[in-house]
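Residue indices begin at 1 and follow the sequence shown.
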Amino acid sequence: VEVILVKTKNAHIRKDKSLRRENCPSASRLWQELQKEEKFTYREVDAMSPEGQQLVAKFQIMAVPTTIIDNRVAFVGVPDRSKALAAVKK
């Protein structure tokens, strides 16, 4: 299982394309904690980086944080812990 958290330190991208200043520590912390319990590949990508921009375009990401699991958008926002755990136990 591969988990990619698309996030940014500088802003949230909202559906109206406006930006809201905030970071994504809760989502990062959640995935890092779950990685201690379950075996999966995890990495974080800044939405404003070149790779992040490719992911934003490919998956039509309109808000961060967005979690991609095995090449599909699984969660937008900070996921519920039990749902996130179930998603990586597949």
Residue pair Ile69, Phe75: steps toward the side-chain contact (heavy atoms from CB on, under 4.5 Å) verdict: CA-CA 9 Å; Ile69 299 178; Phe75 302 101; 3.9 Å; yes

Going from [atom1] on [X] to [atom2] on [Y], what distance comes out if it is rounded to the nearest 0.5 angstrom?
X     : Y     : atom1 : atom2 : answer
Glu2  : Asn71 : CD    : CG    : 8.0 Å
Thr67 : Lys83 : OG1   : NZ    : 13.5 Å
Leu55 : Asp46 : CG    : CG    : 11.0 Å
Gln54 : Ile61 : CD    : CD1   : 11.5 Å
Ile4  : Glu44 : CD1   : CD    : 11.5 Å
Arg43 : Ile68 : CZ    : CD1   : 8.5 Å

Where do [X] and [Y] come nearest, in terms of heavy atoms and distance?
X     : Y     : value
Ser26 : Val78 : CB-CG2, 4.0 Å
Leu30 : Ala84 : CD2-CB, 4.1 Å
Val1  : Asp70 : CA-OD1, 3.4 Å
Pro65 : Leu5  : CB-CD1, 3.7 Å
Ser28 : Lys7  : OG-NZ, 3.2 Å

With no hydrogens and no angle check, is any side-chain donor or acceptor of Gln35 less than 3.5 Å from a backbone partner on Thr41? no

For the residue pair Tyr42 and Trp31, does the interplanar ring angle fall in the parallel (under 30°), tilted (30 to 60°) or perpendicular (over 60°) class?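 Tyr42 vs Trp31 ring planes: parallel.
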
Atom CD of Glu37 with >12 non-hydrogen neighbours under 6.0 angstrom: yes

